[in-house]
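To start, the structure itself, in structure tokens.
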Amino acid sequence: MSRKKAARGKAASSSPSSGSPAGRSSGRAARSSPGIVQMNGVVHPSRPSISSSSEFYDIAFKVMLVGDSGVGKTCLLVRFKDGAFLAGSFISTVGIDFRNKVLNIDGVKVKLQIWDTAGQERFRSVTHAYYRDANALLLLYDVTNKSSFDNIQAWLTEIHEYAQQDVVLMLLGNKADATHDRVVKREEGEKLAKEFGVPFMETSARSGLNVELAFTAVAKELKHRSVKDPSEKFKLQEYVNKEVKGVGCCRS
Ligand SMILES: Nc1nc2c(ncn2[C@@H]2O[C@H](COP(=O)(O)OP(=O)(O)OP(=O)(O)O)[C@@H](O)[C@H]2O)c(=O)[nH]1
Ligand SMILES: [Mg+2]
């Protein structure tokens, strides 16, 4: 059977490979299932599945959330996974955690294994160990916190040092709902993203603005790269520009 089952887990102290169910199931599948080809940690089944369960998937990718402590990485993931906002007091992530979500991208079930990293400096060495396994990175800053924006350049340096060269990267300006506390303009985010040639959008884990879009765009790009169908044209930047919603527009 070519379908793999998605899992949920926590891996605060485990190593990238031992703590990664996608990695483990990919390896097993590559050895035991004749219809599967494994490339770069990605599982490619050779025939369509007969299952319609959302727990099963065709291809799997690892996505990492990075950025300063407090920018909203955990809230963004919870919003995407559970459709809810984690209100109340701020509980900083310790080490690293992950959640899985399967998306249907043009008829292909794409499993995203999303790693939620700790933004605090003291966990940086843990985060470094996970970069090389990531297929995509969502780099967040907080539009109400100037230093989180100023630190983006340092994050990009770190990404260039530790992540794969072809990693899919997207810059997200989170907390776009907080209009009264905003200190970073959308145009500033756009300018920085342009400078570094990365797609950009503002998000809000609180309102849900562009949250689904951020993950879907990344999933589409990864699926496009892995399928390599010349008849299929997909440009991440164009897709984002077309689909992105502005503050005060609507819930996503
Ligand atoms: N207004 C607003 N607040 C948000 C949003 N996202 C997160 N927050 C708040 O920001 C604080 C930090 O959110 P987290 O998601 O825990 O931040 P984090 O990036 O995971 O932080 P670390 O785990 O320390 O790296 C919490 O108090 C959240 O309620 C958002 O979109 N809008
Ligand atoms: Mg967190």
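In each ligand, atom 1 is the first atom listed, and ligand 1 is the first ligand listed. Note that the structure is predicted; figures quoted are calculated from it, not measured. Numbering starts at 1 and runs along the sequence shown.
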State, without any angle test, whether [X] and [Y] hold a side-chain donor-acceptor pair at a distance under 3.5 Å.
| X | Y | answer |
| --- | --- | --- |
| D68 | N151 | yes |
| Q165 | H160 | no |
| N210 | T203 | no |
| T93 | T74 | yes |
| Y131 | Q164 | no |
| W115 | D133 | no |
| S204 | D177 | yes |

Close-contact set for ligand 1 against [X] heavy atoms, below 4.0 Å:
| X | value |
| --- | --- |
| F90 | 12 (C), 14 (P), 16 (O), 17 (O), 21 (O), 24 (O), 26 (C), 27 (O) |
| L86 | 29 (O) |
| T74 | 15 (O), 20 (O) |
| G119 | 22 (P), 25 (O) |

Who's the nearest protein heavy-atom neighbour of [atom], and how far?
| atom | result |
| --- | --- |
| atom 11 (C) of ligand 1 | K175 NZ, 3.9 Å |
| atom 24 (O) of ligand 1 | S92 OG, 2.4 Å |
| atom 21 (O) of ligand 1 | G70 N, 2.9 Å |
| atom 14 (P) of ligand 1 | G72 CA, 3.7 Å |
| atom 1 (N) of ligand 1 | D177 OD2, 3.0 Å |

Short N/O distance, under 3.5 Å, between [X] and ligand 1?
| X | result |
| --- | --- |
| Q120 | no |
| T203 | no |
| S69 | yes |
| A205 | yes |
| C75 | yes |

Ionic contact status for [Y] with [X], cut-off 4.0 Å:
| X | Y | result |
| --- | --- | --- |
| K191 | E187 | no |
| K220 | D106 | yes |
| K111 | D58 | no |

Checklist entry - If you draw the axis of the six-membered ring of F80, does the NZ or CZ of K101 fall within 45° of it and under 6.0 Å from the ring centre? => result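 Positive - K101 is close enough to the ring of F80 and near enough to its axis.
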
Checklist entry - For the Mg ion (ligand 2), does an N/O/S atom of T74 lie at less than 2.8 Å? => result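 So T74 counts as coordinating the Mg ion (ligand 2), yes.
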
Checklist entry - Got a sec: is T93 within less than 2.8 Å of the Mg ion (ligand 2) via an N/O/S atom? => result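 Checking T93: at least one N, O or S atom is under 2.8 Å.
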
Item to check | For ligand 1, the portion of N174 having any non-hydrogen atom under 4.0 Å away | outcome: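 N174 to ligand 1: side-chain contact only, backbone stays beyond 4.0 Å.
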
Checklist entry - How does A118 reach ligand 1, by side chain, by backbone, by both or by neither, if only non-hydrogen atoms under 4.0 Å count? => result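 The answer is the backbone.
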
Checklist entry - Heavy atoms only: which of L140, T93, T179 is nearest to atom 23 (O) of ligand 1? => result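 Selected option, by shortest heavy-atom distance: T93.
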
Checklist entry - Take atom CD in Q153; do more than 12 heavy atoms of anything else shown fall under 6.0 Å from it? => result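 Incorrect, the count does not exceed 12.
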
